[in-house]
Protein chains: 2
Amino acid sequence: MQAQSAALDRMFHALADPARRVMVDRLTRGPATVSDLAKPLAMSLPAVVQHLQVLELSGLVYSEKNGRVRTCRIEPKALRTAEDWIAERRTVWERRLDRLGEVLLEIEAEEKSTKGRTK
Amino acid sequence: MQAQSAALDRMFHALADPARRVMVDRLTRGPATVSDLAKPLAMSLPAVVQHLQVLELSGLVYSEKNGRVRTCRIEPKALRTAEDWIAERRTVWERRLDRLGEVLLEIEAEEKSTKGRTK
DNA sequence: ATGATACTTAAGTGATTACTTAACTATAAA
DNA sequence: TTTATAGTTAAGTAATCACTTAAGTATCAT
(Lines give C-alpha, C1' and ligand atoms only; values in the text may rest on other atoms or scores of the structure.)
Protein backbone atom coordinates (compact mmCIF):
# COMPACT_ATOMS: atom_id res chain seq x y z
CA MET A 1 0.00 0.00 0.00
CA GLN A 2 2.91 2.33 -0.71
CA ALA A 3 2.60 2.35 -4.50
CA GLN A 4 -0.98 3.53 -3.99
CA SER A 5 0.36 6.77 -2.56
CA ALA A 6 2.37 7.70 -5.64
CA ALA A 7 -0.68 7.02 -7.80
CA LEU A 8 -2.74 9.40 -5.65
CA ASP A 9 0.06 11.98 -5.85
CA ARG A 10 -0.13 11.85 -9.64
CA MET A 11 -3.94 11.94 -9.77
CA PHE A 12 -4.44 14.87 -7.40
CA HIS A 13 -1.54 16.69 -9.01
CA ALA A 14 -3.14 16.13 -12.42
CA LEU A 15 -6.43 17.58 -11.14
CA ALA A 16 -4.71 20.57 -9.53
CA ASP A 17 -4.33 22.45 -12.82
CA PRO A 18 -7.28 24.37 -14.34
CA ALA A 19 -6.30 23.54 -17.93
CA ARG A 20 -6.15 19.84 -17.11
CA ARG A 21 -9.53 20.01 -15.38
CA VAL A 22 -11.00 21.62 -18.50
CA MET A 23 -9.56 18.73 -20.49
CA VAL A 24 -11.01 16.13 -18.10
CA ASP A 25 -14.33 17.94 -18.14
CA ARG A 26 -14.38 17.88 -21.92
CA LEU A 27 -13.57 14.16 -21.95
CA THR A 28 -16.48 13.30 -19.66
CA ARG A 29 -18.71 14.44 -22.54
CA GLY A 30 -17.06 11.93 -24.86
CA PRO A 31 -13.76 11.15 -26.60
CA ALA A 32 -11.80 14.00 -28.14
CA THR A 33 -8.71 14.56 -30.26
CA VAL A 34 -5.70 16.54 -29.06
CA SER A 35 -6.83 19.54 -31.12
CA ASP A 36 -10.33 19.28 -29.67
CA LEU A 37 -8.81 19.47 -26.19
CA ALA A 38 -6.60 22.38 -27.20
CA LYS A 39 -9.40 24.48 -28.71
CA PRO A 40 -10.73 26.15 -25.52
CA LEU A 41 -7.26 26.58 -24.01
CA ALA A 42 -5.16 29.72 -24.48
CA MET A 43 -1.83 27.96 -24.92
CA SER A 44 0.34 26.31 -27.54
CA LEU A 45 -0.32 22.78 -28.77
CA PRO A 46 2.88 21.40 -27.22
CA ALA A 47 1.71 22.73 -23.86
CA VAL A 48 -1.57 20.86 -24.28
CA VAL A 49 0.32 17.68 -25.18
CA GLN A 50 2.38 18.08 -22.01
CA HIS A 51 -0.79 18.39 -19.94
CA LEU A 52 -2.14 15.33 -21.70
CA GLN A 53 0.98 13.43 -20.70
CA VAL A 54 0.43 14.37 -17.08
CA LEU A 55 -3.15 13.14 -17.31
CA GLU A 56 -2.06 9.87 -18.95
CA LEU A 57 0.69 9.22 -16.39
CA SER A 58 -1.90 9.76 -13.66
CA GLY A 59 -4.08 7.10 -15.25
CA LEU A 60 -7.03 9.50 -15.51
CA VAL A 61 -6.88 9.55 -19.32
CA TYR A 62 -5.68 7.21 -22.03
CA SER A 63 -5.34 7.75 -25.75
CA GLU A 64 -4.64 5.93 -28.99
CA LYS A 65 -3.45 7.14 -32.33
CA ASN A 66 -5.17 6.30 -35.61
CA GLY A 67 -3.48 7.74 -38.64
CA ARG A 68 -2.40 11.20 -37.65
CA VAL A 69 -5.19 11.69 -35.10
CA ARG A 70 -4.87 10.86 -31.41
CA THR A 71 -8.15 10.11 -29.66
CA CYS A 72 -8.35 10.61 -25.89
CA ARG A 73 -10.79 9.18 -23.33
CA ILE A 74 -11.17 9.34 -19.56
CA GLU A 75 -10.63 6.33 -17.32
CA PRO A 76 -13.53 6.57 -14.86
CA LYS A 77 -12.01 3.94 -12.57
CA ALA A 78 -9.09 6.28 -11.85
CA LEU A 79 -11.49 9.15 -11.24
CA ARG A 80 -13.18 6.91 -8.69
CA THR A 81 -9.90 6.14 -6.90
CA ALA A 82 -9.34 9.81 -6.16
CA GLU A 83 -12.98 10.34 -5.24
CA ASP A 84 -12.91 7.36 -2.86
CA TRP A 85 -9.84 8.56 -1.00
CA ILE A 86 -11.61 11.81 -0.13
CA ALA A 87 -14.95 10.14 0.60
CA GLU A 88 -13.35 7.69 3.04
CA ARG A 89 -11.73 10.47 5.06
CA ARG A 90 -14.89 12.53 5.08
CA THR A 91 -16.85 9.49 6.25
CA VAL A 92 -14.47 8.74 9.10
CA TRP A 93 -14.85 12.33 10.22
CA GLU A 94 -18.65 12.27 10.00
CA ARG A 95 -18.91 8.99 11.92
CA ARG A 96 -16.73 10.59 14.56
CA LEU A 97 -19.09 13.55 14.76
CA ASP A 98 -22.06 11.17 15.08
CA ARG A 99 -20.46 9.38 18.02
CA LEU A 100 -19.62 12.72 19.56
CA GLY A 101 -23.26 13.77 19.16
CA GLU A 102 -24.44 10.62 20.96
CA VAL A 103 -22.09 11.24 23.82
CA LEU A 104 -23.30 14.81 24.13
CA LEU A 105 -26.95 13.67 24.16
CA GLU A 106 -26.13 11.15 26.88
CA ILE A 107 -24.47 13.79 28.97
CA GLU A 108 -27.44 16.10 28.45
CA ALA A 109 -29.89 13.35 29.49
CA GLU A 110 -27.75 12.52 32.50
CA GLU A 111 -27.78 16.15 33.56
CA LYS A 112 -31.55 16.42 33.22
CA SER A 113 -32.25 13.28 35.26
CA THR A 114 -29.82 14.41 37.92
CA LYS A 115 -31.09 17.98 38.14
CA GLY A 116 -32.52 18.94 41.50
CA ARG A 117 -31.62 15.63 43.11
CA THR A 118 -28.01 15.98 44.15
CA LYS A 119 -26.19 19.10 45.19
CA MET B 1 -17.63 30.76 -11.16
CA GLN B 2 -14.00 31.62 -11.88
CA ALA B 3 -12.84 31.99 -8.29
CA GLN B 4 -14.06 28.45 -7.76
CA SER B 5 -11.30 27.24 -10.03
CA ALA B 6 -8.48 28.70 -7.95
CA ALA B 7 -9.99 27.11 -4.86
CA LEU B 8 -10.00 23.71 -6.58
CA ASP B 9 -6.40 24.30 -7.69
CA ARG B 10 -5.41 24.82 -4.08
CA MET B 11 -7.40 21.87 -2.75
CA PHE B 12 -6.19 19.31 -5.26
CA HIS B 13 -2.66 20.64 -4.97
CA ALA B 14 -2.90 20.29 -1.19
CA LEU B 15 -4.03 16.68 -1.56
CA ALA B 16 -1.29 15.88 -4.08
CA ASP B 17 1.41 15.51 -1.43
CA PRO B 18 1.73 12.31 0.65
CA ALA B 19 2.78 14.14 3.81
CA ARG B 20 -0.24 16.43 3.58
CA ARG B 21 -2.53 13.45 3.00
CA VAL B 22 -1.11 11.81 6.14
CA MET B 23 -1.91 15.03 8.00
CA VAL B 24 -5.47 15.16 6.65
CA ASP B 25 -5.91 11.48 7.45
CA ARG B 26 -4.79 12.10 11.02
CA LEU B 27 -7.17 15.03 11.37
CA THR B 28 -10.19 12.96 10.31
CA ARG B 29 -9.63 11.01 13.53
CA GLY B 30 -9.90 14.20 15.56
CA PRO B 31 -8.12 17.50 16.26
CA ALA B 32 -4.35 17.47 16.61
CA THR B 33 -1.52 19.83 17.52
CA VAL B 34 1.28 20.71 15.12
CA SER B 35 3.61 18.31 16.94
CA ASP B 36 1.00 15.54 16.72
CA LEU B 37 0.88 16.05 12.97
CA ALA B 38 4.68 16.09 12.77
CA LYS B 39 5.20 12.89 14.74
CA PRO B 40 4.74 10.32 11.93
CA LEU B 41 6.52 12.48 9.32
CA ALA B 42 10.25 12.20 8.59
CA MET B 43 10.89 15.91 8.21
CA SER B 44 11.66 19.03 10.25
CA LEU B 45 8.97 20.90 12.15
CA PRO B 46 9.18 23.98 9.90
CA ALA B 47 8.50 21.73 6.93
CA VAL B 48 5.37 20.44 8.64
CA VAL B 49 4.27 23.99 9.38
CA GLN B 50 4.70 24.85 5.70
CA HIS B 51 2.53 21.89 4.73
CA LEU B 52 -0.01 23.03 7.28
CA GLN B 53 -0.06 26.46 5.65
CA VAL B 54 -0.79 24.87 2.28
CA LEU B 55 -3.65 22.93 3.86
CA GLU B 56 -5.03 26.05 5.55
CA LEU B 57 -4.83 28.16 2.38
CA SER B 58 -6.71 25.40 0.57
CA GLY B 59 -9.45 25.63 3.18
CA LEU B 60 -9.17 21.92 4.00
CA VAL B 61 -7.84 22.61 7.49
CA TYR B 62 -8.10 25.40 9.99
CA SER B 63 -6.31 25.94 13.27
CA GLU B 64 -6.29 28.12 16.35
CA LYS B 65 -3.67 28.80 18.93
CA ASN B 66 -4.23 28.49 22.64
CA GLY B 67 -1.23 29.40 24.74
CA ARG B 68 1.72 27.92 22.93
CA VAL B 69 -0.24 25.07 21.35
CA ARG B 70 -1.85 25.26 17.91
CA THR B 71 -4.82 22.92 17.47
CA CYS B 72 -5.75 21.86 13.93
CA ARG B 73 -9.02 20.49 12.56
CA ILE B 74 -10.31 19.50 9.12
CA GLU B 75 -13.03 21.41 7.33
CA PRO B 76 -15.24 18.64 5.93
CA LYS B 77 -17.14 21.10 3.73
CA ALA B 78 -13.96 21.75 1.74
CA LEU B 79 -13.27 18.04 1.51
CA ARG B 80 -16.74 17.72 0.00
CA THR B 81 -16.08 20.44 -2.59
CA ALA B 82 -13.18 18.48 -4.03
CA GLU B 83 -15.09 15.22 -3.82
CA ASP B 84 -18.08 16.73 -5.60
CA TRP B 85 -16.06 18.04 -8.52
CA ILE B 86 -14.82 14.56 -9.27
CA ALA B 87 -18.19 12.92 -8.61
CA GLU B 88 -19.96 15.27 -11.02
CA ARG B 89 -17.57 14.47 -13.86
CA ARG B 90 -17.76 10.75 -13.20
CA THR B 91 -21.55 10.96 -13.18
CA VAL B 92 -21.71 12.81 -16.49
CA TRP B 93 -19.51 10.12 -17.98
CA GLU B 94 -21.61 7.28 -16.54
CA ARG B 95 -24.88 8.80 -17.74
CA ARG B 96 -23.30 9.09 -21.16
CA LEU B 97 -22.40 5.41 -21.05
CA ASP B 98 -25.98 4.56 -20.03
CA ARG B 99 -27.40 6.45 -22.98
CA LEU B 100 -24.86 4.77 -25.21
CA GLY B 101 -25.95 1.39 -23.84
CA GLU B 102 -29.58 2.16 -24.64
CA VAL B 103 -28.72 3.15 -28.17
CA LEU B 104 -26.74 -0.05 -28.63
CA LEU B 105 -29.65 -2.13 -27.31
CA GLU B 106 -32.00 -0.36 -29.72
CA ILE B 107 -29.71 -1.06 -32.62
CA GLU B 108 -29.42 -4.67 -31.54
CA ALA B 109 -33.22 -5.02 -31.30
CA GLU B 110 -33.61 -3.32 -34.67
CA GLU B 111 -31.18 -5.76 -36.23
CA LYS B 112 -32.94 -8.78 -34.76
CA SER B 113 -36.39 -7.71 -35.93
CA THR B 114 -35.03 -6.92 -39.37
CA LYS B 115 -33.06 -10.15 -39.73
CA GLY B 116 -34.21 -12.38 -42.58
CA ARG B 117 -36.72 -9.82 -43.87
CA THR B 118 -34.70 -7.47 -46.05
CA LYS B 119 -31.55 -8.24 -48.01
C1' DA C 1 14.13 33.87 37.32
C1' DT C 2 15.59 29.61 34.36
C1' DG C 3 14.94 26.25 31.42
C1' DA C 4 12.18 23.50 28.54
C1' DT C 5 8.38 23.30 25.26
C1' DA C 6 5.82 24.52 21.15
C1' DC C 7 5.98 26.59 17.68
C1' DT C 8 7.59 30.70 14.18
C1' DT C 9 10.41 33.36 10.92
C1' DA C 10 13.88 33.90 7.61
C1' DA C 11 16.88 32.68 4.19
C1' DG C 12 18.84 29.50 1.08
C1' DT C 13 18.85 25.41 -2.33
C1' DG C 14 18.05 21.87 -5.71
C1' DA C 15 14.18 19.85 -8.21
C1' DT C 16 10.00 20.21 -10.63
C1' DT C 17 6.39 22.98 -13.25
C1' DA C 18 4.20 25.14 -16.83
C1' DC C 19 5.00 27.17 -20.25
C1' DT C 20 7.55 28.98 -24.78
C1' DT C 21 9.57 28.74 -29.77
C1' DA C 22 11.68 26.23 -33.41
C1' DA C 23 12.25 22.36 -35.97
C1' DC C 24 10.60 17.81 -37.30
C1' DT C 25 7.60 13.57 -38.76
C1' DA C 26 4.04 11.27 -40.27
C1' DT C 27 -0.56 11.11 -42.73
C1' DA C 28 -4.20 12.74 -45.69
C1' DA C 29 -5.93 15.79 -49.36
C1' DA C 30 -5.66 18.35 -53.70
C1' DT D 1 3.68 15.15 -55.88
C1' DT D 2 3.16 19.16 -53.56
C1' DT D 3 0.79 21.08 -49.63
C1' DA D 4 -1.81 21.25 -45.56
C1' DT D 5 -3.01 18.87 -41.23
C1' DA D 6 -2.20 16.66 -36.72
C1' DG D 7 0.75 15.84 -33.68
C1' DT D 8 5.75 15.24 -31.77
C1' DT D 9 10.44 16.35 -30.00
C1' DA D 10 13.83 19.27 -28.11
C1' DA D 11 15.69 22.88 -25.65
C1' DG D 12 15.33 26.84 -22.86
C1' DT D 13 13.33 29.73 -18.95
C1' DA D 14 10.97 31.96 -15.12
C1' DA D 15 8.32 30.63 -11.23
C1' DT D 16 6.99 27.53 -7.71
C1' DC D 17 7.97 23.51 -4.60
C1' DA D 18 9.51 20.92 -0.82
C1' DC D 19 12.57 20.86 1.85
C1' DT D 20 16.82 22.47 4.99
C1' DT D 21 19.35 24.97 8.98
C1' DA D 22 19.76 28.73 12.09
C1' DA D 23 17.90 31.88 14.96
C1' DG D 24 14.07 33.68 16.94
C1' DT D 25 9.49 34.30 20.32
C1' DA D 26 6.11 33.34 23.32
C1' DT D 27 4.23 30.20 26.98
C1' DC D 28 4.42 26.94 30.82
C1' DA D 29 6.76 24.45 34.61
C1' DT D 30 10.15 24.49 38.36
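This is a predicted model, so every value here is computed, not measured. In what follows, chains are A, B, ... by sequence order, proteins preceding strands, each numbered from 1.
- Distance B/Gln53 CD to D/dC19 P: 14 Å, rounded to the nearest Å.
- The aromatic rings of B/Phe12 and A/Phe12 sit parallel, their planes meeting at an angle under 30°, below the 60° perpendicular limit.
- Taking atom CG on B/Leu41 and atom C1' on D/dA18, their separation rounds to 13 Å, with Å as the unit.
- In this structure, A/Asn66 contributes its side chain and A/Val69 its backbone to no donor-acceptor pair below 3.5 Å.
- Atom CZ in B/Phe12 sits about 22 Å away from atom P in D/dT16, given to the nearest Å.
- Straight-line distance from the CG atom of B/Leu52 to the C1' atom of C/dA6: 13 Å, rounded to whole Å.
- When hydrophobic clusters are built by joining Ile, Leu, Val, Met, Phe, Trp and Tyr residues whose side-chain heavy atoms come closer than 4.5 Å, directly or via intermediates, A/Val34 is grouped together with A/Met43.
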Restricting both atoms to N or O, compile the protein contacts to nucleotides 24-29 of chain D shorter than 3.5 Å, with distance only.
unit_1: D/dT27; atom_1: O2; unit_2: B/Arg68; atom_2: NH1; d: 3.2

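- Looking only at distances, a side-chain donor or acceptor of B/Arg20 sits under 3.5 Å from a matching main-chain atom of B/His13.
- Residues A/Thr33 and A/Arg70 fail the side-chain proximity criterion, which asks for heavy atoms closer than 4.5 Å.
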Please tabulate, one pair per line, each protein N/O and nucleotide N/O from nucleotides 17-24 of chain C that are separated by under 3.5 Å, including the distance.
unit_1: C/dA18; atom_1: OP1; unit_2: A/Arg20; atom_2: NH2; d: 3.2
unit_1: C/dA18; atom_1: OP2; unit_2: A/Arg20; atom_2: NH1; d: 3.2
unit_1: C/dC19; atom_1: OP2; unit_2: A/His51; atom_2: NE2; d: 2.8
unit_1: C/dC19; atom_1: N4; unit_2: A/Gln50; atom_2: OE1; d: 3.1
unit_1: C/dC19; atom_1: N4; unit_2: A/Gln50; atom_2: NE2; d: 3.4
unit_1: C/dT20; atom_1: OP2; unit_2: A/Ser44; atom_2: N; d: 3.0
unit_1: C/dT20; atom_1: OP2; unit_2: A/Ser44; atom_2: OG; d: 2.7
unit_1: C/dT20; atom_1: O4; unit_2: A/Gln50; atom_2: NE2; d: 3.1

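- A straight line from CG of B/Leu57 to C1' of D/dT16 spans 14 Å, rounded to a whole angstrom.
- Applying the salt bridge (Lys or Arg N to Asp or Glu O under 4.0 Å) test to every pair with at least one member in residues 50-67 of chain B, sequence neighbours left out, gives these pairs: B/Glu64-B/Arg73.
- A 4.5 Å side-chain heavy-atom check between B/Pro31 and B/Leu27 finds every atom pair outside the cut-off.
- An OP1 or OP2 oxygen of C/dC7 is reached within less than 4.0 angstrom by a side-chain nitrogen or oxygen of B/Thr33.
- In plain terms, the two heavy atoms of A/Ala16 and A/Arg21 that are nearest each other are C-NH1, 3.7 Å.
- B/Asp9 places its CG atom 11 Å from the P atom of D/dC17, with the value rounded to the nearest Å.
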